[in-house]
Amino acid sequence: MDRLKGKIALISGGARGQGAAEARLFVGEGARVVIGDVLDDQCRETAAGINGKIGAKSVIPLHLDVTRAVDWRVAVESCQREFGGLDILVNNAGIANVKGIEETSEEEWDSIVNINQKGVWLGMKNAVPAMRKRGAGSIINISSIYGLIGSSGSAAYHGTKGAVRLLTKAAAIQYAPDKIRVNSIHPGVILTPMLEVVTPEELQPLIDATPLKRGAQPEEVGWCVLFLASDEASYVTGSELVVDGGYTAQ
Ligand code: NAD
């Protein structure tokens, strides 16, 4: 019940999918959470749903476009003003694309790099000073199995998720003296709205190639994020936690 008691978390892309699941799990373990997203209505609904269930204002929804430095500043300030600080950042917001190198337009490339890669850097840049004030922190960057291995049709996505993996390790080393731990998570097939970019026919081979022979519920990633966020992971930094039903073990 109290694995995150007294902690304050900021989750990007928290309106739905994995981010929303993490917000629910975090609050269940005693955290207070700001969820930021570009889907303003859904973000408000998600926050209201969690707050309604627990009968307290433990989740605050916020407009956050992760590509905009000013939005990040406001988000971190909101954590400090509303809840008193910031202990945990989950860089979860992301978009997918399923195009190869030649098929990807420059606009698509810039858009995915800005959200998936620059957004993670901006999040850490703005969160670290606030965490330093608290004397410690935990940052969890959501990469992908596509940040570990290649495939033929998601060039820009692979590029950004691979970048998140090493950006995480660089940050882990830089901020170890500040007691700020930084780790990456590498989900496989997770059953969220993101999978709408592929057809059921395109998805099935990925599930067939997964040793556990199924996609995961977003909470199955959320519990891993919660572990890394909590003091249970006090000696874990610069690591990559794969949550893929065995996909990359083969
Ligand atoms: P999702 O599409 O349900 O959630 C992603 C969220 O990010 C959405 O709420 C979306 O509005 C938000 N977002 C997009 N652009 C944004 C921006 N500019 N600023 C702020 N928020 C923005 O998908 P999900 O599966 O919950 O994805 C969460 C993370 O997990 C992503 O980083 C994704 O790349 C990663 N991931 C997902 C899978 C999967 O199979 N679903 C697999 C591996 C990794």
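In listed order, ligands and their atoms are each counted from 1. Numbering of residues begins at 1 and proceeds along the displayed sequence.
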Once side-chain hydrogen bond (donor to acceptor under 3.5 Å, both in side chains) is applied, do any residues pair with Asn141, and if so which ones, sequence neighbours excluded? Asn91, Thr168
Any donor-acceptor N/O pair, His158 side chain to Tyr146 backbone, under 3.5 Å: yes
Residues that Thr248 engages under side-chain hydrogen bond (donor to acceptor under 3.5 Å, both in side chains), provided they are two or more places apart: Asp244
Presence of salt bridge, Arg44 and Asp41, under 4.0 angstrom: yes
Output the set of protein residues with a heavy-atom contact under 4.0 Å to ligand 1, ordered first by chain identifier and then by residue number. Gly13, Arg16, Gly17, Gln18, Asp37, Val38, Leu39, Leu64, Asp65, Val66, Asn92, Ala93, Gly94, Ile95, Ile115, Ile142, Ser143, Ser144, Tyr157, Lys161, Pro187, Gly188, Val189, Ile190, Thr192, Pro193, Met194, Leu195
Contacts of Lys99 meeting side-chain hydrogen bond (donor to acceptor under 3.5 Å, both in side chains) (sequence neighbours excluded), chain-then-number -> Glu108
Basic-acidic side-chain contact under 4.0 Å: Glu29, Arg24: no
